Number of protein chains: 2
Amino acid sequence: MKQTGDLNLVKKINKSIVLHYIRNYSPISRARIAEQTGLTKATVSSLVNELLESSLANEIGTGESSGGRKPMMLLFNRTAGYALGIDLGVNYIRAVITDLEGTIVEEYKVQHDNTVLELALVELKACIREMMQRVPESVYGIVGIGIGIPGISNGQGDILFAPNLGWTHVPLQQIIEEEFGIAVVIDNEANAGAVGEKEFGAGRDAADLVYISVGIGIGAGIIIKGELFRGSSGFSGEIGHMSIQHDGKPCRCGNAGCWEMYASENALYEAARNILNTQKIDMELLLTLAEKGEPAVIKLFERVGHFLGVGVVNIINGFNPELIIIGGRLAEAGRLLRPTMLQSLEGRSLPYPRERLQIEFSQLGSRSAVLGACSFAISKFFASTKVSVE
Amino acid sequence: MKQTGDLNLVKKINKSIVLHYIRNYSPISRARIAEQTGLTKATVSSLVNELLESSLANEIGTGESSGGRKPMMLLFNRTAGYALGIDLGVNYIRAVITDLEGTIVEEYKVQHDNTVLELALVELKACIREMMQRVPESVYGIVGIGIGIPGISNGQGDILFAPNLGWTHVPLQQIIEEEFGIAVVIDNEANAGAVGEKEFGAGRDAADLVYISVGIGIGAGIIIKGELFRGSSGFSGEIGHMSIQHDGKPCRCGNAGCWEMYASENALYEAARNILNTQKIDMELLLTLAEKGEPAVIKLFERVGHFLGVGVVNIINGFNPELIIIGGRLAEAGRLLRPTMLQSLEGRSLPYPRERLQIEFSQLGSRSAVLGACSFAISKFFASTKVSVE
DNA sequence: TAATGTTTGTAAATCCATTAAACAAACTTA
DNA sequence: TAAGTTTGTTTAATGGATTTACAAACATTA
């Protein structure tokens, strides 16, 4: 209870409401905003003028009359600034620049082994420097940098633990902010993916959704009432280590029969090794074999699809989300996984929560995390005040 | 975005802040409230006076001086009104009256077979009438009625589906409101239990907690950031039907190897039937046998404890709550279940999320749901506006 | 073409909760 | 007794939103 109510707060609330309408329903007139929000025309006028002054909105000329004076239409100025999003993978760094609506204007990807912290930081900084040179001219320049990481972060921008990189306790936000003097946001790769899909992908209309990133392992990003749920200590979404076979094979995490031992890239490759004699097994190989109609390989995918469904049912029954989005590397095989996944889903889930559930594969593909990182930066830029009133 | 900012809102926010301080830190002086909240003394004075006028706070005389004028101490007037909470079980109706702080002042329980809707409604109304006669005199009288039900409700106060009662689509809120003219809140029994423990029990200091009600089946109430999470269509918490054995025994829900087939009252009884020759197996019998040191019966409890742990690990890994509270009938056997539950928990959970997790058995016992129901009523009374600002 | 009514956006006056500053009362300490 | 502190109220100022009024721009209709 630090924040109290005063006139300043009132203005921030209303200004963010007006901006919200301009961002989401533009082109829109002052009169229409007043009508929709319940604010008076005078208030809207005053706030819109401030937004015009700060270049966040533009007037783009008159619109259609509906029997009276023509309205002056307002447009969100999506190029008032740009966001830099980075997906820091285990063996690559991917970066994009988007405008304030999340449209990609620059993209960059480099293969790099990031397991040595010092080298990774050098590469990361070089990448950021490169992107900063590519940013178009604008009023605000880069409004923030968002970074998705394959690990757990606390709320203060420190990486606590990144198992696949071997990093612990890296104050990444601080390091990058000090280097570039720009606001930085750090979060988990699955969380970033969830936000990316929520803002720019398959989840735009859902308030409660779970994004499941199926790669080497399984991670999840959980969005509740439109907001990311990070868990009490940032560890929500380790759902790959949910056991679906209590006496199953032991996992390195301590548990037995973990979901990701049945339904992940690793699970797929391990099963493939028992069938194929090839040395190098990877996604491309398996996909091409499946395309060719190799029945044993198709069976592999079907089996993984089945187990995907088993875990998804558990999420549905515990969480009752509106939407489940499946992303990550394995989502590339969506077409092969879908039938058996839906089959085990139909057979196993409770009818009521199933009824309203939508389940989709990622729309943004490998870009969901990096776009989510951009969204973090944009949100921080706008969310000087985020207010919810019930 | 219906609610906009105006002076009215500012006042509501600040008034609820002041009331919050009086409710939680009384006895407290105006000066201390001003200091803690950041509001000016003048504002606090004005708002406090309104609260005094509406009988929600009282002055109880001067306190200790700290080197100046003695402060006038304020107390929350917990007896300004009363809440009626009802736990509508499958074969009982339990009701309590509490003051505005949740202290029980009247209690009532009746055995009744509620599976026939009409009969249950008659009994429920009779119960409410009975309790209304027992309410102490007060300014506001009964401020609301909260009802916990063994089923799913939508947000509008209708019971959608109550499998163990055989009810579907009962507009219970409307029925009771029309009969008594008092605000009514309906929610699931596990949700009510979660709120009860959060407000008055083991969860008072936790923001993110999961209450697991282990009875005939397993249900859960999920509290995120201090607020109940109901899922997108009210079905969150059907976590008893999370599979912990993907190829396990089929459950009537369609899934296989559901958690509640391994770790519930039913699971316990079924296992007991294979051991004991007695006709009537119930909790009391098993508990007394275990007390007597019957090794086979003790093993039964230990086994259930183990499987409780298996499911709890899944919740921890997916949700990362601060606190897990185990309630319901089976919590009565907490002493017997705890060792094996903790054992499977220690062995199976990821170290990081486990680190900060607390796990407890219910403090309120069989009263958690009925007290949560009271809390619903009290919250509705106060939550004319609930505001959160970030 | 003129009259009428509608819609849009701005301007001026008013409202009202908070803040800031001043103050009186009550109390402790030296 | 004098000086300093703390509490809580009073008073005026502040700055948002609202209300009311109004001018400009436009469509419709006669």
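Letters go in sequence order (proteins before strands), and every chain restarts at 1. Only a predicted model underlies this, so the values are computations on that prediction, with no experimental measurement involved.
- For the 3.5 Å distance criterion, the side chains of B:T40 and B:T43 qualify, holding a donor opposite an acceptor.
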Protein and nucleotides 15-22 of chain C: nitrogen or oxygen contacts under 3.5 angstrom:
residue: C:dT18; atom: OP1; partner: B:N14; partner atom: ND2; Å: 2.8
residue: C:dT19; atom: OP2; partner: B:T40; partner atom: N; Å: 3.4
residue: C:dT19; atom: OP2; partner: B:T40; partner atom: OG1; Å: 3.4
residue: C:dT19; atom: OP2; partner: B:T43; partner atom: OG1; Å: 3.1

Problem - A:E64 and A:K70: CA distance, side-chain angles, deciding distance, salt bridge (Lys or Arg N to Asp or Glu O under 4.0 Å) verdict - result: CA-CA 6 Å; A:E64 287 286 295; A:K70 282 184 182 169; over 6 Å; no
Grab the N/O contacts between the protein and nucleotides 27-30 of chain D below 3.5 Å, and write none if there aren't any.
none

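- In this structure a side-chain-to-backbone donor-acceptor pair under 3.5 Å is missing from B:R32 to B:S29.
- Proximity of B:I13 to A:L9: side-chain heavy atoms (C-beta onward) are separated by under 4.5 Å at one or more points.
- Here the C1' atom of nucleotide D:dG8 and the CD atom of B:E50 are 16 Å apart, to the nearest Å.
- With contacts defined as side-chain heavy-atom distances shorter than 4.5 Å, the pair A:V370/A:V96 qualifies.
- For the pair A:M73 CE and C:dT8 C1', the computed distance is 12 Å after rounding to whole Å.
- Between the side chains of B:S368 and B:Y211, at least one donor-acceptor pair of N or O atoms lies under 3.5 Å.
- Between the CG atom of A:L74 and the P atom of C:dT8 there is a distance of 12 Å, given to the nearest Å.
- Below the 3.5 angstrom threshold, one finds a donor paired with an acceptor across the side chain of A:R69 and the base of C:dT8.
- For A:T79, the side-chain hydrogen bond (donor to acceptor under 3.5 Å, both in side chains) partners two or more places apart in sequence, or in a different chain, are A:N77.
- As a whole-Å value, the separation of A:L9 CG from D:dG15 C1' is 14 Å.
- In terms of modelled atom types and a separation under 3.5 Å, the side chain of B:S232 and the main chain of A:N320 share a donor-acceptor contact.
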